[in-house]
Peer 1: 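What follows is a structure written as structure tokens; I'll ask about it next.
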Amino acid sequence: MQDPNADTEWNDILRRKGILPPKEKPQDDEEEETEILKQQSVVKTYEDMTLEELEDNEDEFGEEDERAVELYRQQRMAQWQATQLKNKFGEVLEISGQDYVQEITKAGKDLWVILHLYKQGVPLCSLINKHLTALARKFKDVKFVKAISTTCIPNYPDKNLPTIFVYLDGDIRAQFIGPLVFGGMNLTQDELEWKLAESGSIKTDLEENPKKQIQDQLMTSIRASIPTKKDSDSEDD
């Protein structure tokens with residue numbers, strides 16, 4: 001009787017017709033296939049692992065997968081570092097003059113620093129400190145700093161308050177000095193955000209200058225209150 005597991009052309013035809021059952025796999029082949037499926041399962045799931053899980057399961061990776069896993073580990077590490085840097089700050093740091101060099105000049109490469117010089121008892125300074133606290137929580141990759149003016153610059157005139165200096169790599173990139181620059185006590189958080197965004201220090205999601213909306217509304221109100229020539233002619237009649 002012919003062996004149904006023999007590798008013959010006739011047996012292959014019979015298997016295709018369903019007359020003979022599929023050829024039985026040798027035990028070694030089955031074990032090899034099981035190992036391949038196991039490795040494929042590991043490679044399929046490593047993208048869902050944390051850095052700690054990658055280290056814990058490192059012995060389970062096959063040699064052919066180690067390079068892919070290492071590249072993925074480097075990618076995850078870079079993403080983690082970027083996230084840490086992006087969320088590095090989140091609050092307004094209070095400094096004095098002796099902290100200036102360390103916290104401002106040597107703050108770090110490619111790091112934006114926003115310094116508010118203020119004084120207690122100046123209402124607009126208090127308002128700006130309030131706005132900066134909210135903006136620091138919103139833009140955690142930017143370093144927000146405040147200092148009593150005379151602790152950083154001796155004899156700094158009160159008429160120049162509030163003052164905001166914007167730094168990048170320790171160099172001043174923008175400055176806002178005095179109450180007129182900020183528009184007085186009507187200054188909103190969005191207006192301050194837009195002003196800082198124009199310096200390049202923050203990436204705002206505001207689509208247009210909020211001050212412009214107020215100006216447009218004001219101009220519309222003024223135009224509505226001015227009598228037209230037609231109205232004047234009617235009154236003369």
Peer 1: Work out which heavy atom in Cys125 is nearest to a heavy atom in Leu161; give both atom names and the distance.
Peer 2: SG-CB, 4.0 Å

Peer 1: Would you say the side-chain atoms of Asp99 and Ser96 include a donor-acceptor pair closer than 3.5 Å?
Peer 2: yes

Peer 1: If you round to the nearest 0.5 Å, how far is NZ of Lys195 from CD1 of Ile202?
Peer 2: 12.0 Å

Peer 1: Classify the angle between the aromatic ring planes of Tyr167 and Tyr100 as parallel (below 30°), tilted (30 to 60°) or perpendicular (above 60°).
Peer 2: perpendicular

Peer 1: Any link between Trp112 and Trp194 through a network of hydrophobic side chains (Ile, Leu, Val, Met, Phe, Trp, Tyr) touching at under 4.5 Å?
Peer 2: no

Peer 1: So, do Lys146 and Leu132 sit near enough that their side-chain heavy atoms are less than 4.5 Å apart?
Peer 2: no

Peer 1: Under 4.5 Å between side-chain heavy atoms, counting indirect links through other Ile/Leu/Val/Met/Phe/Trp/Tyr residues: same cluster for Ile153 and Val122 or not?
Peer 2: no

Peer 1: Heavy atoms, side chains only, cut-off 4.5 Å: are His116 and Pro162 in contact?
Peer 2: yes

Peer 1: With a 4.5 Å cut-off on side-chain heavy atoms, are Val166 and Val113 touching?
Peer 2: no

Peer 1: Please round to the nearest 0.5 Å and tell me the distance separating atom CD of Gln120 and atom OG of Ser149.
Peer 2: 10.5 Å

Peer 1: Under 4.5 Å between side-chain heavy atoms, counting indirect links through other Ile/Leu/Val/Met/Phe/Trp/Tyr residues: same cluster for Tyr156 and Ile172 or not?
Peer 2: yes

Peer 1: Could you measure the distance from the OG1 atom of Thr204 to the CG atom of Asp190? Nearest 0.5 Å is fine.
Peer 2: 7.5 Å

Peer 1: May I have the step-by-step check of side-chain contact (heavy atoms from CB on, under 4.5 Å) for Leu117 and Phe165, ending in yes or no?
Peer 2: CA-CA 8 Å; Leu117 296 182; Phe165 293 124; 3.6 Å; yes

Peer 1: Show the nearest heavy-atom pair for residues Thr188 and His131, with the distance to one decimal.
Peer 2: C-NE2, 3.5 Å

Peer 1: Check the hydrophobic clustering (I, L, V, M, F, W, Y; side-chain heavy atoms under 4.5 Å; chains of links allowed) and say if Leu168 and Leu135 are grouped together.
Peer 2: yes

Peer 1: Is there a side-chain contact between Phe89 and Phe144, using heavy atoms and a 4.5 Å cut-off?
Peer 2: no

Peer 1: List the steps, then state whether side-chain contact (heavy atoms from CB on, under 4.5 Å) holds for Ile128 with Leu187.
Peer 2: CA-CA 8 Å; Ile128 288 179; Leu187 177 71; 3.8 Å; yes

Peer 1: State the CG-CG distance between Leu127 and Asn186, to the nearest 0.5 angstrom.
Peer 2: 9.5 Å

Peer 1: Let me confirm one number: the CD1-CD1 distance from Ile114 to Ile104, rounded to the nearest 0.5 Å.
Peer 2: 10.5 Å

Peer 1: Is it the case that the side chain of Asn160 and the backbone of Gly178 share a donor-acceptor pair, with hydrogens and angles ignored and the cut-off at 3.5 Å?
Peer 2: no

Peer 1: Are Leu192 and Ile164 close enough that some pair of their side-chain heavy atoms sits under 4.5 Å apart?
Peer 2: yes

Peer 1: Sort out for me which residue in Thr163, Leu124, Ile148 forms a side-chain contact (heavy atoms from CB on, under 4.5 Å) with Tyr118.
Peer 2: Ile148

Peer 1: Got a sec: does the CD of Glu91 have more than 12 other heavy atoms crowding it under 6.0 Å?
Peer 2: no

Peer 1: Which atoms form the tightest heavy-atom contact between Ser201 and Val142, and what is the distance?
Peer 2: O-CG2, 3.3 Å

Peer 1: Is the backbone N or O of Leu93 less than 3.5 Å from a side-chain atom of Lys143, with the two atoms forming a donor-acceptor pair by type?
Peer 2: no

Peer 1: Identify the heavy atoms of Gly121 and Pro123 that sit nearest to each other, and give their distance.
Peer 2: O-CD, 3.3 Å

Peer 1: Would a single hydrophobic cluster contain both Phe182 and Leu180, if residues Ile, Leu, Val, Met, Phe, Trp and Tyr are joined by side-chain heavy-atom contacts under 4.5 Å?
Peer 2: no

Peer 1: Distance-only, no hydrogens or angles: does the Lys119 side chain make a donor-acceptor pair with backbone N or O of Thr150 under 3.5 Å?
Peer 2: no

Peer 1: Closer than 4.0 angstrom, basic N to acidic O: yes or no for Asp205 and Lys138?
Peer 2: yes

